[in-house]
Amino acid sequence: APTSTGTQARSPLENLGQLQFLRGLDVADIGCGGGLLSESLARLGARTTGVDASSSNIGIASTHAARDPLLSRPHPLGGSCLEYLHTTAEDLVAQGRTFDIVCAMEVLEHVNGPAAFLRSLDKLVKPGGHLFMSTIARTPLSWFLTIFMAEDVLRLVTPGTHTHHQYINPKELVDFFQHDLKWYGKGSELPQRLHFEVRGTAYLPWKSTWTLAKSNTSLPGTQECNYFFWARKPLDA
C-alpha cells in the first residue's frame with residue numbers, strides 16, 4: 001500500500017480552478033460501494049483509496065474501474081491513481097494510514113456504533129485535513145421519505161435497508177465533533193463556516209435531480225432528511 005506523505009494535510013485550494021484540482025492529495029472513500037465517487041475523485045487527480053466492508057461491492061467497483069486504463073496508471077505520490085481495499089476504516093487506522101481528505105457518503109446511518117466509527121474517521125484525517133459525509137436526519141419526514149415511501153411503498157430501496165433510530169441529526173453530529181473530538185470550539189476567532197458546514201439536500205422528482213440547500217440556511221425543512229456535513233480538522237488535533 002502507498003504510504004502517506006507528510007503529517008499535515010495539503011490544501012485542496014492549491015489547485016483550485018484546474019481540472020485536476022485534487023492533484024497531490026491522498027483521499028479515502030470509506031464505504032465506497034460500487035466506486036462511483038472513488039472514480040470521480042481519481043479523475044480529479046487524487047490518489048484515491050476506495051474502502052468497503054463488502055467484498056461484492058469491491059468486486060463490482062474493481063471490475064468497473066478496469067474498463068478505464070487511466071484509473072490504474074501510476075500516481076505521482078506512488079502507487080496507482082485508484083486502489084480498492086476490502087477492509088474497514090478501523091483496519092486502516094490500525095495500519096497507521098492517514099489522508100488529506102476522507103469521505104464517508106451514506107455510511108453513518110448504517111453503523112451500529114456511530115461514535116466509534118466517527119473516532120476512526122478522526123484518526124484517518126491528517127491535521128488540517130477535511131472530512132466530508134452525507135447521512136440522514138432522524139425526523140418524521142425522513143422516516144416517511146426514506147423508509148415508508150422509498151422502501152415500503154415504491155420499493156425503490158430494498159426493505160430493511162434503513163433503520164430510523166440509527167439516523168443522526170445535524171446538531172448531534174456538530175456537537176460530537178465540537179465537544180468529543182474538539183475539532184472546533186465556540187471561542188475560535190475564525191467564523192463557523194471555516195470550521196464546519198451542514199447543508200440539506202433533497203431529490204426533486206419533477207426535475208429528476210438532487211438539489212443542495214444554500215449555505216448555512218436556517219429555512220425549515222432543509223435539514224430534515226438527507227444532508228451533507230463537512231468539517232476541517234485543526235492543525236493541533
Side-chain angles (χ1 to χ4, degrees), residues 1-2 22 25-72 75 79-93 95 97 99-114 116-118 120-122 124-125 129-137 142 145-147 149-151 154-164 166-168 173 199-203 208-212 225-230:
L22 296 181
L25 298 176
D26 257 326
V27 180
D29 181 15
I30 307 299
C32 64
L36 294 180
L37 176 60
S38 295
E39 289 190 13
S40 297
L41 292 167
R43 292 191 177 99
L44 290 173
R47 181 171 67 175
T48 304
T49 302
V51 175
D52 205 288
S54 167
S55 59
S56 61
N57 282 346
I58 292 297
I60 292 171
S62 300
T63 299
H64 189 271
R67 299 177 180 177
D68 185 350
L70 292 178
L71 295 176
S72 60
H75 193 276
S80 61
C81 291
L82 177 59
E83 175 188 25
Y84 285 114
L85 299 177
H86 175 214
T87 187
T88 64
E90 293 77 10
D91 287 339
L92 289 183
V93 171
Q95 297 169 24
R97 298 287 297 275
F99 302 87
D100 301 294
I101 298 174
V102 172
C103 301
M105 302 298 180
E106 304 299 317
V107 178
L108 189 58
E109 65 269 24
H110 301 291
V111 174
N112 291 323
F117 177 69
L118 291 174
S120 293
L121 297 184
D122 165 44
L124 291 176
V125 181
H130 299 261
L131 173 64
F132 293 88
M133 290 190 290
S134 63
T135 188
I136 309 173
S142 71
L145 292 177
T146 67
I147 297 178
M149 291 300 297
E151 295 187 14
L154 300 177
R155 300 285 171 153
L156 297 174
V157 180
T158 303
T161 296
H162 298 104
T163 304
H164 190 254
Q166 292 185 190
Y167 292 176
I168 295 178
L173 201 52
R199 290 208 204 183
T201 183
Y203 183 73
S208 299
T209 187
W210 286 82
T211 184
L212 188 65
C225 195
N226 299 77
Y227 66 94
F228 287 93
F229 172 85
W230 160 81

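Counting begins at 1 with the first residue of the sequence.
- Here the straight-line distance linking atom CG of L36 with atom CG of D29 works out to 9.5 Å at 0.5 Å rounding.
- Scanning all heavy atoms of the two residues, the minimum distance from A53 to T88 falls at CB-CG2, 4.1 Å.
- Every side chain to side chain contact (heavy atoms under 4.5 Å, CB included) that S54 has, sequence neighbours left out, goes to D52, S56, N57.
- Minimum heavy-atom separation, Y167 to T146: OH-OG1, 2.8 Å.
- Once rounded to the nearest 0.5 Å, the distance linking CG of L145 with NE2 of H162 reads 11.5 Å.
- You'll find the side chain of F99 stays beyond 4.5 Å of the side chain of V27, heavy atoms only.
- Listed by chain and number, the residues in a side-chain hydrogen bond (donor to acceptor under 3.5 Å, both in side chains) with D68 are R43 (sequence neighbours excluded).
- Side chains of F228 and T201 form a contact here, defined as non-hydrogen atoms less than 4.5 Å apart.
- Considering only heavy atoms from C-beta on, Q166 comes within 4.5 Å of N112 through its side chain.
- Residues passing the side chain to side chain contact (heavy atoms under 4.5 Å, CB included) test with S120, sequence neighbours excluded: A89, E90, V93.
- For the atom pair T49 OG1 and E83 CD, the distance stands at 5.0 Å (nearest 0.5 Å).
- Residues A42 and C81 approach most closely at CB-O, 3.8 Å, considering heavy atoms.
- Rounding to the nearest 0.5 angstrom, the gap separating the CG atom in L70 from the OG atom in S80 is 12.5 Å.
- Residues L108 and L118 form a side-chain contact, since some pair of their non-hydrogen atoms from C-beta on lies under 4.5 Å apart.
- In terms of heavy atoms, A61 sits closest to G33 at CB-O, 3.7 Å.
- The CG atom of L92 lies 5.5 Å from the CG atom of L124; values are rounded to the nearest 0.5 Å.
- Checked by atom type and distance alone, the side chain of S62 never pairs as donor or acceptor with a backbone atom of G59 at under 3.5 Å.
- Taking the side chain as every heavy atom from C-beta outward, E106 and I136 approach each other to under 4.5 Å.
- Just one of L44, L41, D100 meets the side-chain contact (heavy atoms from CB on, under 4.5 Å) condition when paired with L25; it is D100.
- The backbone N or O of R47 lies less than 3.5 Å from a partner atom in the side chain of H75, making a donor-acceptor pair.
- H86 NE2 to C32 SG: the interatomic distance, rounded to the nearest 0.5 Å, is 10.5 Å.
- Between the side chain of S142 and the backbone N or O of A137, at least one donor-acceptor pair lies under 3.5 Å.
- L22 places none of its side-chain heavy atoms less than 4.5 Å from the side chain of T48.
- E109 pairs in a side-chain hydrogen bond (donor to acceptor under 3.5 Å, both in side chains) with only one of the listed residues (N226, T135, T163), which is T135.
- In terms of modelled atom types and a separation under 3.5 Å, the side chain of T158 and the main chain of T161 share no donor-acceptor contact.
- For L121 against A104, the heavy-atom pair with the smallest separation is CD1-CB, 4.1 Å.
- Across every non-hydrogen atom of Y227 and I168, the tightest pair is OH-O, 2.6 Å.
- Proximity of D91 to L85: side-chain heavy atoms (C-beta onward) are nowhere separated by under 4.5 Å.
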